[in-house]
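Structure, as C-alpha cells:
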Number of protein chains: 2
Amino acid sequence: MIGRQEADSIERRSGVSLWRQIADRILQAIATGDFAENAALPPEVALAERYGVNRHTVRSAISALVQEGVLRAEQGRGTFVLSRKRLSYPIGARTRFSTGLQGQTSERHIVLLASSVEPASPRVAEGLGLARGAEVIRLETRGEADGRPVSRAAGWFDARRFAGIDKAMAETGSITASLARFGIDDYLRQSTVLSARHADAADLADLDLQPGAIVLVTVAVNVTPDGQPIQFSESRFPAERVELKLSAL
Amino acid sequence: MIGRQEADSIERRSGVSLWRQIADRILQAIATGDFAENAALPPEVALAERYGVNRHTVRSAISALVQEGVLRAEQGRGTFVLSRKRLSYPIGARTRFSTGLQGQTSERHIVLLASSVEPASPRVAEGLGLARGAEVIRLETRGEADGRPVSRAAGWFDARRFAGIDKAMAETGSITASLARFGIDDYLRQSTVLSARHADAADLADLDLQPGAIVLVTVAVNVTPDGQPIQFSESRFPAERVELKLSAL
DNA sequence: TATAGTTGTCTATATCAATAGACAAATTTA
DNA sequence: TAAATTTGTCTATTGATATAGACAACTATA
C-alpha cells in the first residue's frame, strides 16, 4: 500500500456553505449505499464529529434534506432515509423519454412548458445545419416521472420543415409522435455532449429543486437514419434525482 | 409565442454564495461562447446589473476566476477572458485517455497517485463479478493535459488475476499498456453511469480546483471482447474544465 | 420507572457574505 | 490635455453562516 487518505472533510470559505456541502455528502452517501434506505442516519453528534463541524451545522443540512423529502426526522428516535434511489436515465442512439424509464416508474410524461419561433443562435444553426439566423421553433418541455420533475429540455427544430410542431407536441405530449406527423418514423442521436453546473433560477422553478442543486446538462443532435439533422436539444437533469446510463449510441 | 422568460438571475439563501454562483455563470458563458476568448468581459457595473447584485459581489466572483487563471483583470482597461475552452473528453466503447484528447492538447499523461490491495466493496464486487470481499487492487490515478489535471480516477482489478498491475502502471503510465502485460490486447467499455456533485476535499487537492467546484462522475466497467469484466472504475472530471462527448459505445 | 440516547429549541457570539458609497489609479478616447 | 471609462481600495452596515452551550421533549430500553 503506497498510502493515501480519503479525506472526508469539508471546505471552508469556499462560497459553498458547510451545511450545503454536508447535505451533498449525505445525498451521495445515500446514493452509494453508505447510508441505507429506510435506515436511521448516524445521530447528529456523530455526523458533526465525522464532518468536523458543529452539531447545528449538521442540523441545517438535515433540515434542508427533510425539506427536499430525502430524510424524515423523528424526535427521540432518529433521522431516517426515505427511499431515494436515483432514476437511471438511459442515453443511447435511440433514447426516448418514456421507454427509457419503463420499469423504474409507474407513470411518466412530458409537459410542454412553452414554445416560440426565433432566429437560430450560432450553435443551434450549426447543430441543425441551418444558416445562422434562420427561423427555428423552440419547444420547452419538462419530463415527469411519478409526479416528480426529472428533466427540463429545450428542443429546436427547423421552422420551415416543422411548422406546427408546437401544436403537435401540445396535443400528443410526445416528441416521437410529433415528429411522426412530419413523416419522421425513426431518428437517431448523432452526438451528445455532457456537462454539469449549478441550477439557475429557471431550473429551480421548473425542476422543483432547492437552491444550490446541481444539474447535469446534455446537448444533443438528433438525425434521421440517413444523417439529416432534425432536432437540436439542451436537456437538464437534477443530479440528485437522476443519473445517466450510457448505452449503445 | 406562448411566452416564458429566461431568468438570468441568482438564488439567495441557497447555501451557495452569490459570488460563486456568478463565477459559475461567467464560466458557463465563456464555455458557450457568450463571452468570447481574449475579449473583454462586460464592465463590473454592467455585470452587477445583469445579475442583480452589488458590484463588489461581482468583483468577488471575478477575483476567484482570476485566481483560477480563467480571467485577467487590468486596471483602467477591463477584464479579459484567457483561453478557456473546455476539453472535450470522449466516452465510447474504446475510450482511452491519450488517444481521446489528441489534437486538443499538446501533452497528456497519467500519474499514479496511490495503489492498495483491499477487499471488494459490494458495488466493486458486483461490477467485476467477484465474491463480495474478494481481494482487489485499487489504482488511484490522475490524468493531466498540458500540465492541468483533467481527471481523477480509481480503478479496481481482480487481485488474483492482475497481481502486480500497480507496478506495471507505475512503470508504463498507461492502463492499456499495463493490461497488455497480462495478455489483455483489447478491452471495451461495457457500461457507464454518469452523475455530478460538488467536489470533495480530495478532489480539490488532486484536481487543483477551487472549493465549490462541480465534478462529473462516471462509474464504468471495462470488459474483454468476450464480455469478461476486468476493470471497475470511478472517474471524476472537473466540470469547469472538461465536458464529456459521447461517441459510439 | 428510571435512564440513556436522540431530536428540537433557545441564547449568545464570531466570522463570512453582501450591500452601499466614495474616491483613487490606470487607460482610452475625444 | 481633459473627460470618460474602467478597475482597485477603503470604510461602514446588515444579514446569513457557523460555533458554543444549555436544556427541553420525545423514544426506547434496561
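Please read all numbers here as calculations on a predicted model, not as lab measurements. Below, chains carry the letters A, B, ... as their sequence lines are ordered, and counting in each starts from 1.
Distance alone, capped at 3.5 Å, places no donor-acceptor pair between the S235(A) side chain and the A153(A) backbone. Of the possible polar contacts, one joining the Q21(A) side chain to the V16(A) backbone as a donor-acceptor pair under 3.5 Å is found.
In this structure, L18(B) places its CG atom 12 Å from C1' of dG15(D), rounding to the nearest Å. Atom-to-atom, CZ of R20(A) to P of dA18(D) comes out at 11 Å; the value is rounded to the nearest Å. Going from atom CD of E49(A) over to atom P of dA18(D) covers 19 Å, rounded to whole Å. Atoms CG (L71(A)) and P (dT6(C)) sit 16 Å apart, rounded to a whole Å. Remark: C1' of dT7(C) and CZ of F80(A) are 11 Å apart, rounded to the nearest angstrom. Residue E44(B) contributes atom CD, which lies 12 Å from atom C1' of dT9(D) at whole-angstrom precision. Note: CH2 (W19(B)) to C1' (dA16(D)) measures 15 Å, nearest angstrom.
Inter-residue side-chain proximity for L71(A) and L82(A) is flagged as unmet; no heavy-atom pair is nearer than 4.5 Å. For the pair I214(B)/H198(A), a side-chain contact is recorded, criterion being any heavy-atom separation below 4.5 Å from C-beta on.
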- request: Step by step, work out the side chain to side chain contact (heavy atoms under 4.5 Å, CB included) result for S195(B) and R86(A).
  value: CA-CA 10 Å; S195(B) 58; R86(A) 282 195 285 217; 3.9 Å; yes
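One finds a side-chain N or O of R59(B) lying less than 4.0 angstrom from the OP1 or OP2 phosphate oxygen of dG8(D). Residue N54(A) places at least one side-chain N or O under 4.0 Å from the OP1 or OP2 atom of dA20(D). Distances shorter than 4.0 Å separate some side-chain N or O of T57(B) from OP1 or OP2 on dT19(C).
Taking a cutoff of 4.0 Å between a charged side-chain nitrogen and a carboxylate oxygen, E234(A) and R123(A) qualify as a salt bridge. Ion pairing between E140(A) and R152(A) holds under the 4.0 Å rule for side-chain N and carboxylate O. Remark: K245(B) does not engage E243(B) in a salt bridge, criterion side-chain N to carboxylate O under 4.0 Å. Taking 4.0 Å as the cut-off between side-chain N and carboxylate O, E44(A) and R59(A) count as a salt-bridged pair.
Axis angle between the ends of the helix from dT1(C)-dA30(D) to dA30(C)-dT1(D), five pairs each and rounded to 10 degrees, works out to 20°.
At a cut-off of 3.5 angstrom, the base of dG21(C) holds no donor-acceptor pair with the side chain of R55(B). For a distance-only test at 3.5 Å, the side chain of H56(A) fails to qualify as a donor-acceptor partner of the base of dG8(C).
When each of T218(A), D203(A), D206(A) is paired with R236(A), the side-chain hydrogen bond (donor to acceptor under 3.5 Å, both in side chains) condition holds for D203(A) and for no other.
Among the atoms of the strands shown, only primed sugar atoms or phosphate atoms (P, OP1, OP2) are found under 4.0 Å from some heavy atom of T79(A).
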Please write out each protein N/O paired with an N/O of nucleotides 26-30 of chain C under 3.5 Å, distance rounded to 0.1 Å.
residue, atom, partner, partner atom, Å
dT28(C), OP1, R77(B), NH1, 3.0

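If you check dT7(C), dT7(D), dG21(D) against the side chain of A73(B), the one that comes closest is dT7(D). The side chain of V53(B) lies closest to dT19(C) when the candidates are dT19(C), dT7(C), dT7(D).
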